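Worksheet for the structure shown next.
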Amino acid sequence: MSEDCIFCKIIAKEIPAEILYSDERVTAFRDIEPAAPVHILVIPNKHIPSMNEVEEEDEKLIGHLFTVAKKIAIEEGIAERGYRLTMNVGKEGGQVVFHLHLHLLGGKPLRVHKY
Ligand code: 5GP
Ligand code: ZN
């Protein structure tokens, strides 16, 4: 738990969020400013600021984020149509909240980004 982290506060239920899934390792909730009809964030309960701070011991945890995202995609009815899993890393990667999170986006044809 990091005192000034908005996502830690969501995990601790100090600020509200529409939580769709939680277990002892991860929590998933709807993004407050959805960029697509389905926009869900899957986060580790452990405060890891970004992918840059991930250690080898976190590998299973990172994998778990993806399998939870996959299950939610099925529940949201977008698995067959397709969806996008994105992780922004650091300033130039577009990361704004420094508690690692996986974006699950779908429910419409997503634009293909040209980098
Ligand atoms: P990033 O740009 O760091 O990859 O994504 C951060 C995401 O967190 C953004 O899509 C933003 O809308 C979302 N977000 C920021 N603050 C809150 C909040 O208080 N509640 C929820 N549910 N989402 C948030
Ligand atoms: Zn945090």
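Note that ligands are numbered from 1 as they come in the structure, with each ligand's atoms numbered from 1 the same way. These figures come from a predicted structure and were not determined experimentally.
- Near His101, meaning under 4.0 Å from one of its heavy atoms, ligand 1 places the atoms 1 (P), 3 (O), 4 (O), 5 (O), 6 (C).
- Annotation: angle subtended at the Zn ion (ligand 2) by His47 ND1 and Cys8 SG is 110°, to 10°.
- Proximity of Ala17 to ligand 1 is not established, as no heavy-atom distance is less than 4.0 Å.
- Using a cut-off of 4.0 Å between Lys/Arg side-chain N and Asp/Glu carboxylate O, Glu76 and Arg30 are scored as salt-bridged.
- Below 4.0 Å from some heavy atom of Ile6 lie the following atoms of ligand 1, by number and element: 19 (O).
- The Glu33 neighbourhood of ligand 1 comprises atoms 12 (O), with distances under 4.0 Å to a heavy atom of that residue.
- Less than 4.0 angstrom separates some heavy atom of Ile10 from each of these atoms of ligand 1: 20 (N).
- Of all the heavy atoms of Arg30, the ones lying under 4.0 Å from any atom of ligand 1 belong exclusively to the backbone.
- Here the heavy atom of the protein found nearest to atom 2 (O) of ligand 1 is Gly94 O, 2.9 Å.
- Interatomic distance, Leu102 CG to Phe66 CZ, rounded to the nearest 0.5 Å: 4.5 Å.
- Ligand 1 places these atoms under 4.0 Å from at least one heavy atom of Asn88: 1 (P), 2 (O), 4 (O).
- In this structure, CG in Leu100 is found 6.5 Å from CG in Leu65, a value given to the nearest 0.5 Å.
- In this structure, the protein non-hydrogen atom closest to atom 17 (C) of ligand 1 is Ile32 CG2, 3.7 Å.
- When the options Asp31, Ile40, Leu100 are ranked by their closest heavy atom to atom 12 (O) of ligand 1, first place goes to Asp31.
- Nearest residue to atom 15 (C) of ligand 1 from Ile43, Val97, Thr86, Val96 is Val97 (criterion: closest heavy atom).
- Using a 4.0 Å cut-off between charged side-chain N and carboxylate O, Asp58 and Lys46 make a salt bridge.
- Contact annotation: the side chain of Asp23 approaches that of Tyr21 to within less than 4.5 Å [non-hydrogen atoms, C-beta and beyond].
- Closest approach of Ser50 and Gln95 over heavy atoms only: CB-OE1, 3.3 Å.
- Between the side chain of Asp31 and the backbone N or O of His39, no donor-acceptor pair lies under 3.5 Å.
- Under a 4.0 angstrom heavy-atom cut-off, Glu18 registers as lying outside contact with ligand 1.
- Of the possible donor and acceptor atoms, one in the side chain of Arg81 sits under 3.5 Å from a partner among the backbone N and O of Gly107.
- The shortest N or O to N or O distance between Phe7 and ligand 1 is not below 3.5 Å.
- The Zn ion (ligand 2) is closest to atom ND1 of His99 (considering only N, O or S atoms).
- No side-chain heavy atom of His103 sits under 4.5 Å from any side-chain heavy atom of Arg84.
- Of all the heavy atoms of Phe98, none lies under 4.0 Å from any atom of ligand 1, so neither backbone nor side chain is involved.
- Distance alone, capped at 3.5 Å, is enough to place a donor-acceptor pair between the His101 side chain and the His99 backbone.
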